[in-house]
**Student:** 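Take this structure, written in structure tokens, and hold onto it; I'll ask about it next.
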Amino acid sequence: MDLGTGKTTIVKCILEIYKNDKYKVELCAPTGRAAKRMSETTGEEAKTIHRLLEIGKIEEDKLGSIDEDMTPIDVDVLIIDEMSMVDIFLMNYIVRAVYYGTKIIFVGDSNQLPSVGPGSILKDIIASNQFATVELTQIFRQAARSKIVVNAHNVNNGISFVGKKEDDEEKLEDFFYVNEANQEKMLYQVLSLSKDRLKNYGNYEFFKNIQVLTPTKKGMIGTKELNKKLQQTLNPEDENVLEKQYGEVVFREGDRVMQVKNNYDIYWEKEKDIGTGIFNGELGMIRKIDSKEKQIEVEFDDKKVAWYTFSELEELEHAYAITIHKAQGSEFDVVILAIPPTSNMLLTRNLLYTGMTRAKKLLIIIGNKNLIEFMINNADIKKRNTGLEERLKRLGEK
């Protein structure tokens, strides 16, 4: 666990110790946003794991079977953040790429959602008891003032946040819960908060500070419909603003978008740097639509600028609202977390906990009290049949 327990401070201390001893240290994370956040919190460059390994384009049916395009990691110490997101294929590349004797430090929260790909790497490593493991559980005094931090820890421990606590007067006003079952009213809350209520409350602006999260893609409070309504509200049709229709989706200058598949070949520029590759989950904004050249210019959150031909627009989706799964590894100043009725497979404690821990300054949860209580109590995580834990234990017995 890391929220409010000093993870960042410890990582910075580890970095300082090794660097003072002249060790070569490399920082990395599974996603671009997680790597960016790691860079911001440590003051050191962090790369995505893909970028560090310089993994070339891999066909989906060959995933996990190609080693020749992988670049060795020649460092003394490798620190990997957000390890709960790392699947068995990526872990395979990492351990094959490091040299014998390299120290690897895994940093992550095993209570968050498991990796999208197969495997349960972080949980299995911890459960094997074959590696030195430190669990951070103490919430420090300053962090304990935050209702986000306290309620996230409560949810992770199966304790409800619904209802006012006796010591709430001592805490920051950074957490609000709206008990609402009617989905039309939930939609109104999301739209009005996004448009002007939060700007009036704390001078928060949607395109700078705010992200809407939901567990599902389907329904009135799913990402597909929310994105349509939020686009109409925040970036409506304007004769002076260019747009491009692609299938049923209208992309408009000023839209917030997300890359939804790995593209190792797409060219980008960033100030004086150039490179290739935009990866699944990276967020950005459409800056320009050029009908003559038939391309769209997107500036991503890390200031990379890439150009998409109209035929490549299947790789982009609107990102006014994104699923909690897609948000893992990211942080946002303000999170509006809308929880509608959906499949019980999605209404789990670790999904609620993951969504809550995406917020840095303000968290607003909108949903029916009984549904939230169900999620808090639904701690049964579908077991993944990996075999890694047992194999690690057998290696430890030799």
Side-chain angles (χ1 to χ4, degrees), residues 32-33 36-37 40 148 173-178 180 183-217 220-238 240-243 249-260 281-289 296-305 316-340 355-367:
R33 288 187 65 86
K36 180 187 176 188
R37 182 158 59 97
E40 291 171 346
I148 297 173
E173 289 299 320
D174 62 355
F175 175 94
F176 296 93
Y177 169 62
V178 180
E180 183 57 72
Q183 293 197 46
E184 290 185 356
K185 292 181 179 179
M186 289 178 68
L187 177 61
Y188 166 78
Q189 292 282 356
V190 171
L191 296 180
S192 62
L193 284 164
S194 299
K195 186 176 182 181
D196 48 31
R197 283 167 61 193
L198 287 175
K199 184 173 178 61
N200 296 332
Y201 173 75
N203 200 31
Y204 296 116
E205 296 183 22
F206 187 88
F207 291 100
K208 291 183 179 179
N209 309 103
I210 302 168
Q211 182 64 57
V212 177
L213 302 182
T214 176
T216 181
K217 295 180 179 180
M220 185 183 294
I221 310 298
T223 55
K224 190 173 181 179
E225 291 302 317
L226 276 177
N227 274 313
K228 290 180 182 178
K229 297 295 185 183
L230 285 163
Q231 184 193 41
Q232 292 170 8
T233 301
L234 299 168
N235 190 28
E237 185 177 2
D238 187 318
N240 297 315
V241 178
L242 297 177
E243 59 183 46
V249 179
V250 175
F251 290 106
R252 189 172 292 139
E253 290 176 338
D255 276 344
R256 178 183 284 173
V257 291
M258 172 184 278
Q259 176 81 12
V260 294
E282 294 197 51
L283 290 168
M285 180 175 286
I286 295 176
R287 294 301 186 191
K288 183 180 180 181
I289 297 179
I296 286 180
E297 178 184 314
V298 178
E299 181 181 346
F300 288 90
D301 285 356
D302 61 358
K303 303 304 180 184
K304 291 196 303 282
V305 176
L316 295 176
E317 288 182 0
H318 284 125
Y320 295 92
I322 62 177
T323 62
I324 296 170
H325 280 86
K326 285 288 189 183
Q328 192 170 3
S330 302
E331 279 188 341
F332 309 95
D333 286 343
V334 181
V335 167
I336 301 170
L337 181 55
I339 309 288
M356 292 174 70
T357 53
R358 300 309 93 203
K360 290 195 292 185
K361 296 180 179 178
L362 181 64
L363 172 63
I364 301 160
I365 299 180
I366 306 168

**Student:** Is there a side-chain contact between Val257 and Glu317 (heavy atoms, below 4.5 Å)?
**Tutor:** no
**Student:** Is there side-chain contact between Phe300 and Lys36, with heavy atoms separated by less than 4.5 Å?
**Tutor:** no
**Student:** Supply the atom-to-atom distance Lys360 NZ to Leu362 CG, rounded to the nearest 0.5 angstrom.
**Tutor:** 13.0 Å
**Student:** Applying side-chain contact (heavy atoms from CB on, under 4.5 Å), run through Leu187 and Leu226 and close with a yes or a no.
**Tutor:** CA-CA 8 Å; Leu187 177 61; Leu226 276 177; 3.7 Å; yes
**Student:** Check whether any side-chain heavy atom of Leu363 lies under 4.5 Å from a side-chain heavy atom of Asp174, and answer yes or no.
**Tutor:** no
**Student:** Roughly how far, to the nearest 0.5 Å, is the CZ atom of Arg358 from the CG atom of Leu337?
**Tutor:** 11.0 Å
**Student:** Write down the atom of Val250, the atom of His318, and the distance for their closest heavy-atom approach.
**Tutor:** O-CE1, 3.0 Å
**Student:** Kindly determine whether Thr216 and Thr223 satisfy side-chain contact (heavy atoms from CB on, under 4.5 Å), including the steps that lead there.
**Tutor:** CA-CA 7 Å; Thr216 181; Thr223 55; over 6 Å; no
**Student:** Taking all heavy atoms of Tyr320 and all of Gln211, pick out the closest pair and write down the distance.
**Tutor:** O-NE2, 3.0 Å
**Student:** Taking the side chain as every heavy atom from C-beta outward, state whether Ile336 and Leu198 have any pair of such atoms under 4.5 Å apart.
**Tutor:** yes
**Student:** Can you find a pair of side-chain heavy atoms, one from Leu193 and one from Tyr201, that are under 4.5 Å apart?
**Tutor:** no
**Student:** Measure the OG1-CD1 distance between Thr214 and Ile339 for me, rounded to the nearest 0.5 Å.
**Tutor:** 6.5 Å
**Student:** Nearest 0.5 Å, what's the CD-CG distance between Glu243 and Asn235?
**Tutor:** 9.0 Å
**Student:** Minimum heavy-atom separation for Asp255 and Gln231, please, with both atom names.
**Tutor:** OD2-NE2, 2.9 Å
**Student:** Given side chains that start at C-beta, do those of Val212 and Ser194 come closer than 4.5 Å, heavy atoms only?
**Tutor:** yes
**Student:** Would you say that Leu283 contacts Phe332 through its side chain, given a criterion of any heavy-atom pair below 4.5 Å between the two side chains?
**Tutor:** yes
**Student:** Are Glu205 and Lys199 packed together at the side-chain level, in the sense that at least one heavy-atom pair is separated by less than 4.5 angstrom?
**Tutor:** yes
**Student:** Nearest 0.5 Å please: distance from the CE atom of Met220 over to the CD atom of Gln183.
**Tutor:** 6.0 Å
**Student:** Flag yes if more than 12 heavy atoms outside Tyr188 fall under 6.0 Å of its OH atom; otherwise flag no.
**Tutor:** no
**Student:** I'd like to know if Lys185 and Glu180 make a salt bridge, using a cut-off of under 4.0 Å between side-chain N and carboxylate O.
**Tutor:** no
**Student:** Which atom pair, heavy atoms only, marks the closest approach of Pro340 to Pro215?
**Tutor:** CD-CD, 3.7 Å
**Student:** Quick one: pull up NZ in Lys361 and OH in Tyr204 and give me the separation to the nearest 0.5 Å.
**Tutor:** 6.0 Å
**Student:** Between Thr323 and Leu213, which heavy-atom pair has the shortest distance, and what is it?
**Tutor:** O-CD2, 4.4 Å
**Student:** Is the shortest side-chain N to carboxylate O distance from Arg287 to Glu297 below 4.0 Å?
**Tutor:** no
**Student:** Between Glu225 and Lys228, is there a side-chain N and carboxylate O pair less than 4.0 Å apart?
**Tutor:** yes
**Student:** Which of these, Val260, Asp301, Asp302, Val298, sits in a side chain to side chain contact (heavy atoms under 4.5 Å, CB included) with Glu282?
**Tutor:** Asp302
**Student:** Quick check: closest heavy atoms across Met186 and Gly367, and the distance to 0.1 Å?
**Tutor:** CE-CA, 4.2 Å
